[in-house]
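Quick notes on the structure that follows.
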Amino acid sequence: MKLTDFRGLLQYIPQFREKTFVIGLDGAVVTGENFSNICMDIAVLRSLSIRVVLVHGASAQIRSLAQEQQIAPSNLDGSGITNAETLKLALTAANRLTHEILEGLAANDLRAACTNSIIAHPLGILQGIDHQQTGKVERVDVEFLQTLLENGIIPVLPPLGVDGDGKTFRVNSDSIAVAVAEALKAAKLMFITSHDGIIVGDHVIRQMPVADLESVLAMQRSRVHPELLSKAIHAVAACKAGVPRVHVLNGSTEEGLLAEVFTNEGVGTLVYANEFQQIRRAMKKDVRAILNLTKTSVESEELMKRTRPMIEKQLGDYYIFEIDKNQVACVALHTYPEHSKGELACLYVSPSHENQGIGRKLIQFVENRARDLGLSELLTLSTQAFSYFQSKGGFAEGSPDDLPPARREKYDQSGRNSKVLVKRLKPTTPTPAVDEVKK
Ligand SMILES: CC(C)(COP(=O)(O)OP(=O)(O)OC[C@H]1O[C@@H](n2cnc3c(N)ncnc32)[C@H](O)[C@@H]1OP(=O)(O)O)[C@@H](O)C(=O)NCCC(=O)NCCS
């Protein structure tokens, strides 16, 4: 891990300390080559005081066990009918897997325990079909799980439930993960699968608000990859039950679990409930973020180079767009009140948040500030995004003569030959104070 990665990671540590992550592991992931690395990633989460619950599936193992024993299972994933023979297979497969997980965790000095904390009842007769020993979660024994978590023990939950009479039912592991995440008020539910994320058509979804995924399921369900349909359905169910973030990622990606948790970009799919967005004034602690955010654009000459002292000197001009306390975009408004002009500068949106209208929101925000300050013209200089400012921001092409004299001098010295874009501002009613602009 690079030092810069480590710094990026540090910002998340207070955010997740003592929070609960429920991790749903597909059975195929547990027997996959990367499983020992996943256990190491879990050890990192635990070392940062993140509480972890593991829920695992077993369909891949039920399938191979059935082949070995030449039995045709009545269902694999715990959502169809479970006859007595299939329940037997599920018990053998699940117990083996639970044990493999316990072994993997033990190899990383992690304490873990298999529990009977999922209280289930029969799924019953649906549309005239008796689902026999398929169960659904009736209740999660929260107290039991919390006792383990408080003592630093990772609960490991198989895709099975028991009722008050001690009868066992086969329960779909995704539905157990959702029920547990809801009951424990988890900060995250992470599904680790054999795919790179939720695939719709040919594309892996990177980030999606739950309402959008819900409408994909309603209108384009057939476009969702069949092996990820259950994840998509359960991701929506979890967000609607109050889990703020659901991730779906590939178990064979090295350090994938950590990258998903500790980077803004992530590696899989993030489905989120309500996010907290705000535009706020930049503070001294944001200078590093501004430098880091804009680094690649400075290198590619989209943005002019700004040093730390330059930013610090004009810090009052800078604004940050943050999502859930992560800085994802920035912009500045430099003013020339004697000429009634303002300059929109240093507009940058992180690649992981492009094309979500954040750039436009920041242009609109700067425009409103400029109006509130009584400025009549907004300028911006651009080498590569001039058509963006024209088509999305309503700017028109101007010339260096539009710049106030002091700015013009710097322009001539820089040799960047940026295009100058201009927008006349009509006065409107004042906008709310900066820190109230929340979406
Ligand atoms: C340019 C930039 C600010 C756009 O931010 P954004 O939040 O992704 O933009 P929005 O979501 O508001 O708008 C997206 C639209 O703009 C278009 N767009 C993005 N960058 C563009 C560019 N350089 N030129 C023309 N159009 C562009 C997108 O194709 C998309 O079009 P659509 O809505 O028709 O699909 C961002 O890409 C960026 O930070 N670029 C690097 C830095 C830079 O050039 N800054 C401007 C100089 S001050």
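Numbering of ligands and ligand atoms starts at 1, following listing order.
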Does any N or O of ligand 1 fall below 3.5 Å from an N or O anywhere on [X], backbone included?
X	result
A345	no
F389	no
T380	no
C346	no
H353	no

Can you find a protein heavy atom under 4.0 Å from atom 37 (O) of ligand 1?
yes
Considering only protein heavy atoms, determine whether one is less than 4.0 Å from atom 34 (O) of ligand 1.
yes
Return the residue, atom name and 0.1 Å-rounded distance of the protein heavy atom closest to [atom].
atom	answer
atom 5 (O) of ligand 1	V349 CG2, 3.5 Å
atom 41 (C) of ligand 1	S297 OG, 3.3 Å
atom 46 (C) of ligand 1	L347 O, 3.6 Å

For ligand 1, which atoms have a heavy atom of [X] less than 4.0 angstrom away?
X	value
Q384	23 (N)
S387	24 (N), 25 (C)
N355	6 (P), 8 (O), 11 (O), 14 (C), 15 (C), 28 (C), 30 (C)
Q356	11 (O)
R360	10 (P), 11 (O), 12 (O), 13 (O), 14 (C), 15 (C), 33 (O)
A385	23 (N), 44 (O), 46 (C)
K392	15 (C), 16 (O), 31 (O), 32 (P), 33 (O), 34 (O)
E302	41 (C), 44 (O)

Within the 4.0 Å heavy-atom cut-off, what L303 brings close to ligand 1 is side chain
Could [X] and [Y] be called an ion pair, given the rule that one side-chain N must be under 4.0 Å from one carboxylate O?
X	Y	result
E322	R280	yes
D402	R408	no
R170	D77	no
D41	R46	no
R308	E312	yes

Between atom [atom1] of [X] and atom [atom2] of [Y], what is the distance when rounded to the nearest 0.5 Å?
X	Y	atom1	atom2	answer
M190	I192	CE	CD1	6.5 Å
T383	M304	OG1	CE	12.0 Å
L270	E260	CG	CD	6.5 Å
T307	K313	OG1	NZ	9.5 Å

Do Q61 and T31 get their side chains close enough for a donor-acceptor pair, meaning under 3.5 Å?
yes
Minimal non-hydrogen separation, V29 against F35, with atom names:
O-CB, 3.6 Å
Angle between ring planes, Y319 versus F365, binned at 30° and 60°: parallel, tilted or perpendicular?
perpendicular
Where the closest heavy atom to atom 7 (O) of ligand 1 is concerned, which of G359, S300, A332 has it?
G359
